[in-house]
Amino acid sequence: MTAAPAARPAAGTGAGPGPAAAAPRRPLPGRDALLGVAGGAAFLLVWEAVPRTPAVSADHLPPASEVLATLAARSATGAFWSAVGATVSAWALGLAIAFAAAVALGLAIGSVPALRAATASTVEFLRPIPSVALIPLAILMYGSDLRSTLLLVVYASFWQIYIQVLYGVADLDPVAEQTARAYGLGRWARLRHLVWPTALPYLLTGVRLGAAVALILTITAQLTIGTPGLGQEISVAQSSGAAPLVYALIVATGLLGVAVNTGVRAVERRLLRWHSSVRGEAAV
Amino acid sequence: MLDVDGLRKTYSGRGREVEAVRDLTFRLGEGELACLVGPSGCGKTTLLKCVSGLMRPTAGTVALDGRPVTGPPPDMAVVFQEYGRSLFPWLTVRGNVELPLKEKRLPKARRRELVDGALEAVGLAHAGARHPWELSGGMQQRVAIARAIAYEPRVLLMDEPFAAVDAQTRADLEDLIRGLWKRFSMTVLFVTHDIDEAVYLGQRVIVLSASPTVVQDDVRVDLPDERDQLTTRSAPRFAELRAQVYREIQTAKNGGGPSGADGAGTGGAEADGAADPDDPEADKGTGGADGPERTPTTTGGPR
């Protein structure tokens with residue numbers, strides 16, 4: 001009777017190994033940060049050096065300094081920022097629509113086991129369809145309108161979020177649910193105070209995955225359909241044979257991806273301070 | 001005030017029926033503290049779920065002040081064994097205690113008063129701003145008790161609340177419950193597998209038979225009202241009562257019902273040996289552990 005869980009209070013959440021538990025979210029300790037900077041610098045050096053060797057033509061791969069200088073010059077223009085704005089707004093709008101639909105449907109369908117079972121086969125069929133396969137359909141329906149970009153973005157990111165919400169709702173702890181019912185929490189109160197926080201770690205994982213996919217599809221749509229944004233800029237630069245500019249714009253989309261991921265992780269950390277993946281070792 | 005009459009619960013699933021509780025009838029008077037003991041797997045949890053209105057009985061009734069219980073009654077609070085899963089990790093200690101009061105739509109000032117009072121009563125007045133997972137197991141269970149007290153229940157149900165805390169903490173919590181019971185004059189139904197705990201805490205010990213469950217015996221605990229971990233537990237009368245309950249449970253496990261007619265009880269001991277109070281060792285830590293496994297309660301019944 002001495003081996004009591006009193007010795008391990010940190011484990012008492014029942015939150016379990018949630019999807020967000022995969023990677024540690026602690027800020028990197030100094031040594032790792034230093035190594036990261038050194039690695040990045042080495043990469044840039046190699047990129048700088050390789051085009052100056054006979055192995056790779058500078059027409060195909062301009063040196064890092066040239067690309068970054070092009071990017072700097074470009075970012076001083078209004079056209080660049082309006083392209084960034086168009087990309088970000090299409091991305092955000094698509095993600096927001098997917099989020100709202102996935103949360104509403106996920107909570108509703110996830111809460112009703114029969115409904116979930118009935119829809120599972122359809123979901124498993126629709127989910128693997130690559131969004132890019134819908135490009136002709138989008139053009140057919142909306143031409144080069146913003147709506148065709150949104151169609152692709154929403155379709156791709158919806159499933160990422162929806163599936164996670166389903167997992168989250170299924171993770172509801174029966175003891176917690178009985179507690180809520182015993183203390184008079186009705187259906188809505190349980191949804192708000194119990195189901196929602198339970199599903200939140202999963203939901204945010206879904207948002208992180210969905211945000212990345214949404215960015216990919218936004219750029220893809222702009223490249224292929226020609227809706228305004230960074231993707232379209234890349235395709236214009238390509239047709240005018242401006243290799244450094246193509247690279248500079250590609251780097252810009254990469255930076256956008258980093259920003260998106262960092263942003264979502266920050267939101268996760270903030271909203272899930274209580275979750276075992278974030279709170280780390282608890283002090284007693 | 002709490003009447004359980006002819007309660008019966010059978011679970012049916014996959015073509016077979018399991019009779020968890022056969023025929024339970026007992027009555028708790030206003031302000032009584034009764035303990036319910038029985039061999040492991042005898043349907044104590046099932047009974048508690050039916051009494052708390054979380055589960056519909058197959059037959060029979062539960063009534064509170066003559067009103068039948070069909071859902072969780074507003075003047076009844078429950079403390080579960082698995083404190084770690086019963087408290088919400090995303091809320092602070094204070095938030096956990098206050099949440100049911102918000103749902104009761106109590107005004108803010110009254111809520112604060114109740115939460116402060118309840119936290120003070122369980123000795124956690126300083127911990128309101130912390131999260132449950134920052135606290136030890138015993139403290140977490142105190143939070144769950146505070147949440148129950150703040151709810152201002154007339155009936156407090158406790159489902160093996162101290163099965164997952166260490167012996168030292170357990171003794172403290174037992175005394176806490178006796179103190180709160182007197183201070184707030186509630187009716188308390190305390191389910192436990194621990195005979196000593198039942199005799200020490202209760203005014204009355206209701207002994208259940210092995211599954212399918214009936215009331216085996218109803219022992220009045222005529223120990224003095226002021227109890228103390230040292231003197232009460234070493235009193236000769238305590239030992240006598242303990243032995244009496246122990247014998248009843250042994251009889252129950254060996255299939256002898258009060259009427260001697262429980263044919264289904266034969267072999268009900270299921271080779272799990274003596275009725276040592278530490279029996280559900282396996283359950284230890286379910287209050288603290290996370291992970292996908294669910295508590296191995298007696299029945300995997302529907303919620």
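As the structure is a prediction and not an experimental result, all values here were calculated from the model. Chain identifiers are assigned alphabetically (A, B, ...) following the order of the sequence lines, protein sequences preceding nucleic acid strands; residue numbering begins at 1 within each chain.
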- Item | Interface residues of residues 72-79 of chain B facing chain A - non-hydrogen atoms under 4.5 Å apart | B:P72, B:M76, B:A77, B:V78

- Message: Can you list everything that forms a side chain to side chain donor-acceptor pair (under 3.5 Å) with A:T87? Sequence neighbours excluded, please.
- Response: A:Q222

- Message: Once rounded to the nearest 0.5 Å, what's the spacing between atom CD of B:E103 and atom CZ of A:R192?
- Response: 7.5 Å

- Task: Supply the atom-to-atom distance A:E177 CD to B:R85 CZ, rounded to the nearest 0.5 angstrom.
- Result: 12.0 Å

- Query: Atom CG of A:L271 and atom CH2 of B:W90: how far apart are they, to the nearest 0.5 Å?
  - Reply: 14.0 Å

- Query: Shortest non-hydrogen contact from A:A180 to B:F88?
  - Reply: CB-CZ, 4.3 Å

- Does A:T179 reach the side chain of B:L87, with side-chain heavy atoms less than 4.5 Å apart? no

- Message: Heavy-atom cut-off 4.5 Å, strictly under: side chain, backbone, both or neither for A:L200 against chain B?
- Response: neither

- dist B:L91:CG -> A:W274:CH2 (nearest 0.5 Å) comes out at 9.5 Å

- Item | Straight-line distance of A:H193 NE2 to B:N96 CG, nearest 0.5 Å | 11.5 Å

- Task: Taking all non-hydrogen atoms of both residues into account, name the closest pair between A:A182 and B:L54 and its distance.
- Result: N-CD2, 3.8 Å

When the side chains of residues 117-124 of chain A are checked against the rest of the protein, which donor-acceptor pairs come out under 3.5 Å, sequence neighbours left out?
from, atom 1, to, atom 2, distance (Å)
A:T119, OG1, A:L115, O, 2.9
A:T119, OG1, A:R116, O, 3.1
A:E124, OE1, A:R127, NH2, 3.4

- Message: Taking the side chain as everything from C-beta on, heavy atoms only, tell me whether A:R273 gets closer than 4.5 Å to B:H131.
- Response: no

- Item | More than 12 heavy atoms from other groups under 6.0 Å of OH on A:Y167 | no

- Message: Looking at every heavy atom in both B:R147 and A:Y183, which two are closest together, and how far apart are they?
- Response: NE-CE1, 3.9 Å

Compile the donor-acceptor pairs under 3.5 Å between side chains in residues 99-109 of chain A and protein atoms, sequence neighbours left out, one pair per line.
none

- B:S52 versus A:R181: any side-chain heavy-atom pair under 4.5 Å? no

